[in-house]
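Working notes for the structure below.
Order of appearance sets the numbers: ligands from 1, and atoms from 1 within every ligand. Values in this document were obtained by computation on a predicted structure and should not be read as measured data.
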Amino acid sequence: MKDATAQTIYLKDYQVPEFLIDKTHLVFDLNDEFCRVRSSLSIRRNPESQSSSSPLFLHGGAELELQKIEIDSAVISETDYQRTAEGLIIDQAPDNCVINIEVLIKPHLNTTMMGLYKSRTMYCTQCEAEGFRNITFYLDRPDVMSEFTTKIIADKQQFPILLSNGNPIDQGDIENGRHFATWHDPFKKPAYLFALVAGDLSVVEDSFTTCTNRNILLQIFVEEKDLNKCDHAMLSLKNSMRWDEQTYGREYDLDRFMIVAVDDFNMGAMENKGLNIFNTSAVLANPKTTTDAAFQRVEGIVAHEYFHNWSGNRVTCRDWFQLSLKEGFTVYRDSQFSADMNSPVVKRIEDVVYLRTHQFAEDAGPMSHPVQPDAYMEINNFYTLTVYEKGAEVVGMIHSLLGDEKFRQGSDLYFSRHDGQAVTIEEFVGAMEEVSGQDLKQFRRWYKQSGTPVIDVTSHYDPEAKTYNLTFEQSCPATPGQSQKKPFVIPIKFGLVGADGRDLPLNNQGDQSMVFSLYETSQTLVFENLQQPPVPSLLRGFSAPVKLNYNYSSDQLAHLMANDSDGFNRWDAGQKLSLQVLNKLIEDAKAERELVMDQQLIKVFKSLLSDHSLDPAMVNLMLQLPSEAQLHEQAEIIYVEAIHRARQFARQSIATALEQQLASTYQRLTETQDYAPEANQIGRRALRNCVLGYLMKVKTVGPELAWQQFNNASNMTDKAAALSALVNCETAQNYATQALKAFEQDYCDETLAMNLWLQVQATSQLPEGLERVQALMEHSAFNINNPNKARSLLGAFCSANPINFHNKEGSGYEFLQQQIIALNALNPQVAARLVTPLTRWKKLPEPNCQLMRDALQQIANHKGLVKDIQEIVTKSL
Ligand code: PHE
Ligand code: ZN
């Protein structure tokens, strides 16, 4: 685990595997102090490999206690193989043989949550990307695909449920109160999709009839106390299965589909064939304990993992540089699904806010990399916003360039041609190119060039000729390892909005919206017969992951907000207006000038609150000022305090000016129906809680409302919103203390709700934030070994509480540095992700800049730093 000199792996060095494993037989003998793993591998030399005499290399971590190796039933001696830090070299492996290996591992001591480990009382596995090599010696690379049979043996009372991939083929009792189960997965798969679970679990069952009338057993395994939190995931699963048949023509293949919920998990969930393993936070949901946001996250992640069965499992990745082949495509698919299940515009806006805030920041920082990276030290560091979110945007652009029909044809061709194969991004793009007849050569740069492209748009209206010109210029900032960029192909969906608010015809066919492909550095469009200069509505639906600049006046933005036929751009015009106002306030705050609120924004917000015909979900989104994190992303230099003060001032001014409208909106949206996590209700609750947030700025009114809401809330969405409002309000600290206590009493047995309780406090913007977090680390609800808890308290404080984290003494940085070192030895993946806020040091002014750098340097100096952290720290310094 501890690497002195981590080496870099390059895409250009890819070689096909020298050996293949046709069949894999595994036996897991689970005991309290160890697990005996026996494997039987049918190995043969790969006919496609150039080298015909190379020794057999199997990956395997240092923690594997090797007991025995047999080749074709003959035990081989220690002189016949070599153990290295990375695995096992067997010199004289025949071209065709069966190798039996026996190892001992200690899952109960495994804190990394990779390989086989224990979560509370159950055993589970996580093998992506390279966890299988911590279970046994193997060709642990995604282009080695094998048919797995797995036998699990364990104590029957402690572990009545024994699961692995595929179908159960045998089970029975054996001596000493033990039992076994054997599973067989008929589909060849790479080791990263292997899974095993053993535990005392309860199950919720349902079934699904596929489009060809096959009956699929659906099972969700949870701890008994969580049986009442599975309905939403089950419904989401059935919806996903139907949707993938209808939208992509993809039918489920095995006879059963299982989900297991585990409390200790590094990521959201994992798409193991037929046996998905989920973080409890990504599967459990109940109105009493779960917020709307968490309900929607469950729906999205259940869909995401299910969709991987085709985009990821049936067609998998050749190597980890192709990660976005499965992740970008699958995120795109799950976002389409969520859009269809809820509101497409709302989903699009949420995705874009996320992308702009986090992916743009990543792409502008020291870890910036292309959607298809060309080098990595630790692959776990490349499960990134760029690979996932930007990767999904790139697939979306292909969709919009090809149109619905061709995109579906391309997807069909990709799945049918490569079913059962491990392929590259090139195969995906190639299929799209082939069905459409479009040349995507230049488009492929989206996969190879990092950085967020910038488009500067200027316009010119000629009143004599009645012509209107739009000139688009693209550029892309330098990123690590890429100083020069070639132009991208950028689909820009746009329209021209007339003075009457209607879209003007753009051509002789009368099109009101068009997709223009910008492929040169600079291109100009000319429109004729325009009686007046229009207001351009650019990048409708956010048709490309770029930053687009056009010098709008505030009147033009107000015009777009009121009239744009594109819902996304109506919202975006509001964001641009808010940004203009905030940027001015930030300048003033920095220069310590008096802050004066812009009245146009107030006017616009007033009309939004007064127009009851508008969709509450949209009004909520429009009333949200860009977050501090987003303001940090778009700032050249991050003046944390000025940004915080400016934004708070704007919120205060809005609240004071619109108190009446806010209060009546709050009353109007009081829910009378029973709770349901559906789009309409979610939108109403979101707006009501947004309005409550503003009202907190109005003395006594807000605190009283929030206190009432906290006590009367029938669901966690309203309860948590009220709690957060109180905790963040200086004048409501009495209530806040009581509310925190009451919450703790009511939910002390609900792990996920208690994580929310930690998070609300970790993100409180009131002074002494660090002291609060340090005190909470002693609370029984906290445990640094649990990734969800580490994220809820430490992660939330360091990445979502800038005003406290970036204090001028640097104590926030020192604190983070200590936590990273503590986690270094426990859980490299969680530790590495915590480093992110420090990597942005170059954007902060002194003294913070130097203090952050010092903290990074301290981490770098630590002996025994895992390569996950080494890579990020080295690249950042
Ligand atoms: N492949 C998982 C997903 O995106 C993510 C994951 C990666 C989970 C690595 C665990 C470990 O669905
Ligand atoms: Zn995924």
Side-chain angles (χ1 to χ4, degrees), residues 110 112-117 119 124-135 140-142 165 189-197 233 236-237 240 244 257 259-283 297-317 319-338 351 354 371 373 376 378-392 395 422 425 428 787-788 791 827-833 868:
N110 179 359
T112 65
M113 293 168 205
M114 283 298 269
L116 179 62
Y117 65 98
S119 175
C124 62
T125 55
Q126 172 53 44
C127 294
E128 186 178 6
E130 298 178 334
F132 196 78
R133 61 189 64 182
N134 304 134
I135 293 176
D140 188 8
R141 43 186 289 171
N165 315 84
K189 65 168 177 292
Y192 85 85
L193 290 172
F194 170 81
L196 171 159
V197 169
S236 303
L237 175 59
S240 307
D244 212 17
F257 185 83
I259 288 177
V260 180
V262 304
D263 245 315
D264 302 281
F265 201 75
N266 286 339
M267 309 279 263
M270 180 62 212
E271 69 264 23
N272 317 301
K273 184 78 187 189
L275 178 57
N276 286 191
I277 296 183
F278 272 61
N279 188 321
T280 43
S281 75
V283 57
R297 180 166 175 267
V298 166
E299 179 181 64
I301 298 185
V302 167
H304 180 97
E305 306 311 331
Y306 174 73
F307 296 155
H308 267 316
N309 190 54
W310 275 96
S311 48
N313 301 1
R314 288 290 285 258
V315 182
T316 192
C317 301
D319 55 71
W320 293 119
F321 298 102
Q322 319 301 328
L323 185 56
S324 196
L325 175 69
K326 74 177 176 82
E327 296 305 346
F329 190 21
T330 304
V331 171
Y332 181 63
R333 279 149 54 67
D334 85 57
S335 66
Q336 286 181 296
F337 167 76
S338 292
D351 286 352
Y354 189 59
V371 172
Y376 61 77
E378 170 53 62
I379 185 56
N380 287 325
N381 287 334
F382 287 80
Y383 287 78
T384 59
L385 295 144
T386 300
V387 166
Y388 276 67
E389 266 48 59
K390 187 177 181 180
V395 174
I425 287 171
F428 180 80
N788 290 353
R791 280 188 285 263
N827 189 327
Q829 283 183 56
V830 171
R833 280 173 195 274
D868 309 54

Side chains of Y332 and S311: any donor to acceptor distance under 3.5 Å? no
Criterion side chain to side chain donor-acceptor pair (under 3.5 Å) on N134 and N110, from CA distance to verdict: CA-CA 10 Å; N134 304 134; N110 179 359; over 6 Å; no
Applying a heavy-atom distance cut-off of 4.0 Å, which protein residues contact ligand 1? Q126, E128, M267, A269, M270, E271, H304, E305, H308, K326, E327, Y383, Y388
Please say whether the positively charged group of R333, taken as NZ for Lys or CZ for Arg, lies over the ring of F329, i.e. under 6.0 angstrom from the six-membered ring centre and within 45 degrees of the axis. yes
Looking only at the side chains, is there a donor atom on one of Q829 and Y383 sitting less than 3.5 Å from an acceptor on the other? no
Does one side chain, of N272 or N165, offer a donor that lies under 3.5 Å from an acceptor on the other? no
From E327, does some N, O or S atom reach closer than 2.8 Å to the Zn ion (ligand 2)? yes
Can you see whether D263 engages T280 through a side-chain donor-acceptor pair at a distance of less than 3.5 angstrom? yes
